[in-house]
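First comes the structure, then the notes that go with it.
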Amino acid sequence: MRILGIETSCDETAAAIVEDGTIILSNIISSQVEIHARYGGIVPEVASRQHLLAIIPIIQKAMAEANTSWQELDAIAVTIGPGLAGSLIVGINVAKAIAFSRALPIIGVNHLEGHIYANWLHEQGDRPAFPLVCLIVSGGHTELVLMKGHGDYLPLGRTRDDAAGEAFDKVARILGLGYPGGPVIEQTSTSGDSSAYRLTRPWLKGTNDFSFSGLKTAMLHLVENISARGMGSLPVADLAASFQEAVVDVLVTKTIAAAKRHRANQILLAGGVAANRLLRDTMVRHSPIPVLLPKPILCTDNAAMIAACGYYRLRGGKVDSLEMDIHPNLKLA
Ligand code: KG4
Ligand code: ZN
């Protein structure tokens, strides 16, 4: 079964063709990152406009690369939220138009659920094994969920303030490293000493919740103190490495504790921050149960994960109607 996935929730315009929820026939991603980098963050109006310009050529490219004709498509899956309203509208309207004109089933997909389903895009070998605990760490979300079956989510914990990716982005700005922060902090950290600054960890003992804004403020004070003492140039690599390690330490420790408590068979990582090498390696090294990781390119926003999620929804007999709407504040459960 071939599904066209469409994703326009934030600043990536993406389309992909996925067969049977696992085999990627094409995965086209057009990033607007260079445009938004000028402003130090995403400008919603600009994002919406760029999606409008890019969406049709991206879909055509996805179809061509997958060597797939319109007749060979079985369904359309599209992100309906959470995300920027003006961005979501572009994807959902194109998806509706194709579904209407080709009389195809349409499936509205939760973007966070899509991130989780990136873990089904392994062509051979590992498959997620229920019950599992998934840590979703993206620019807008930090969520820990227990998944007992397809579409069955029990929220265990979430961030009380900044998302993990948001913390990376804000700290990168404090360190003068630009946008987006995650990849640049990871890169800068490679030449830094992660034990140079002993940052306190926000454990929030007794809950599965997270908090990262205190860590961001601690970084700000550290930078201000170093600058005020006029001790030459900022030790950016050491600061970045110390920050990255503090975030990873908390994410890994709390995820493993939750997985043990709920007797999970597996830990899954998902979302843009799951592309982070230190997070991936540390989780695998410390977890007593198997850890499944999407390829880094499938951690950040893409449409293959949306098509994969759509496949399992369709298999469960769930389709949507052409009257469906966007849901900018959609929750996982
Ligand atoms: O999932 P995603 O592509 O978009 C959202 O749904 O938000 O996540 C983007 C976030 C950004 O905050 C970005 O800084 C972060 O993921 N990110 C990373 C890395 N790559 C992307 N954070 C840490 N390390 C990375 N390698
Ligand atoms: Zn995302």
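Atoms within each ligand, like the ligands themselves, are counted from 1 in listed order.
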Quiz item: So what does the H111 NE2 - the Zn ion (ligand 2) - H115 NE2 angle come to, to 10°?
Solution: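 Nearest ten degrees: 90°.
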Practice problem: Taking the Zn ion (ligand 2) as the reference point, name the nearest N/O/S atom of D301. | Solution: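 The closest N, O or S atom of D301 to the Zn ion (ligand 2) is OD1.
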Just by distance, do the side chain of [X] and the backbone of [Y] share a donor-acceptor pair under 3.5 Å?
X: S189; Y: G192; answer: no
X: R313; Y: G108; answer: yes
X: Q32; Y: A47; answer: yes
X: S211; Y: R160; answer: no

[X], any N or O under 3.5 Å of ligand 1 N or O:
X: E12; answer: no
X: G182; answer: yes
X: G271; answer: no
X: P180; answer: no
X: T300; answer: no

Quiz item: Do R2 and D74 pass the salt bridge (charged side-chain N to carboxylate O under 4.0 Å, His left out) test, and can you show the C-alpha distance, the side-chain angles, and the key distance before you say yes or no?
Solution: CA-CA 5 Å; R2 279 185 194 189; D74 294 289; over 6 Å; no
So which heavy atom in the protein is nearest [atom], and how far is it from that ligand atom?
atom: atom 10 (C) of ligand 1; answer: G139 N, 3.4 Å
atom: atom 3 (O) of ligand 1; answer: D301 N, 3.1 Å
atom: atom 6 (O) of ligand 1; answer: H111 NE2, 3.1 Å
atom: atom 13 (C) of ligand 1; answer: D169 OD1, 3.8 Å
atom: atom 15 (C) of ligand 1; answer: V273 CG2, 3.9 Å
atom: atom 26 (N) of ligand 1; answer: E186 OE1, 2.6 Å

Exercise. Could you tell me whether ligand 1 has any atom less than 4.0 Å away from a heavy atom of H115?
Key: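 Yes, that is the case, since the closest heavy atom of the residue is under 4.0 Å from the ligand.
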Quiz item: Going through the checks in order, is the salt bridge (charged side-chain N to carboxylate O under 4.0 Å, His left out) test met by R277 and D281?
Solution: CA-CA 6 Å; R277 172 86 14 226; D281 292 349; 3.4 Å; yes
Quiz item: Which is closest to atom 16 (O) of ligand 1 in terms of heavy atoms, P296, G272, G140?
Solution: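 The nearest heavy atom belongs to G272.
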Exercise. Below 4.0 angstrom from a heavy atom of G165, which ligand 1 atoms are there? Numbered from 1 as shown, please.
Key: 12 (O)
Exercise. Step by step, work out the salt bridge (charged side-chain N to carboxylate O under 4.0 Å, His left out) result for E45 and R49.
Key: CA-CA 6 Å; E45 277 292 317; R49 190 75 173 269; over 6 Å; no
Exercise. With heavy atoms under 4.0 Å as the rule, classify the contact between N276 and ligand 1 as side chain, backbone, both or neither.
Key: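 It is both backbone and side chain that touch ligand 1.
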Quiz item: What residue pairs, at least two apart or across chains, pass ring-ring contact (aromatic ring centres under 6.0 Å, His included) with a residue in residues 143-188?
Solution: Y117-H150, W120-H150, F130-H150, H150-Y312, F168-F243
Quiz item: If you draw a 6.0 Å radius around CD1 in I297, do more than 12 non-hydrogen atoms from other residues or ligands fall strictly inside?
Solution: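 At most 12 heavy atoms, drawn from other residues, nucleotides or ligands, come within 6.0 Å of this atom.
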Self-check item: salt bridge (charged side-chain N to carboxylate O under 4.0 Å, His left out) between K170 and D162, worked out
Solution: CA-CA 9 Å; K170 287 179 176 171; D162 292 352; 3.3 Å; yes
Self-check item: Flag for T22-D20: side-chain donor and acceptor within less than 3.5 Å
Solution: no
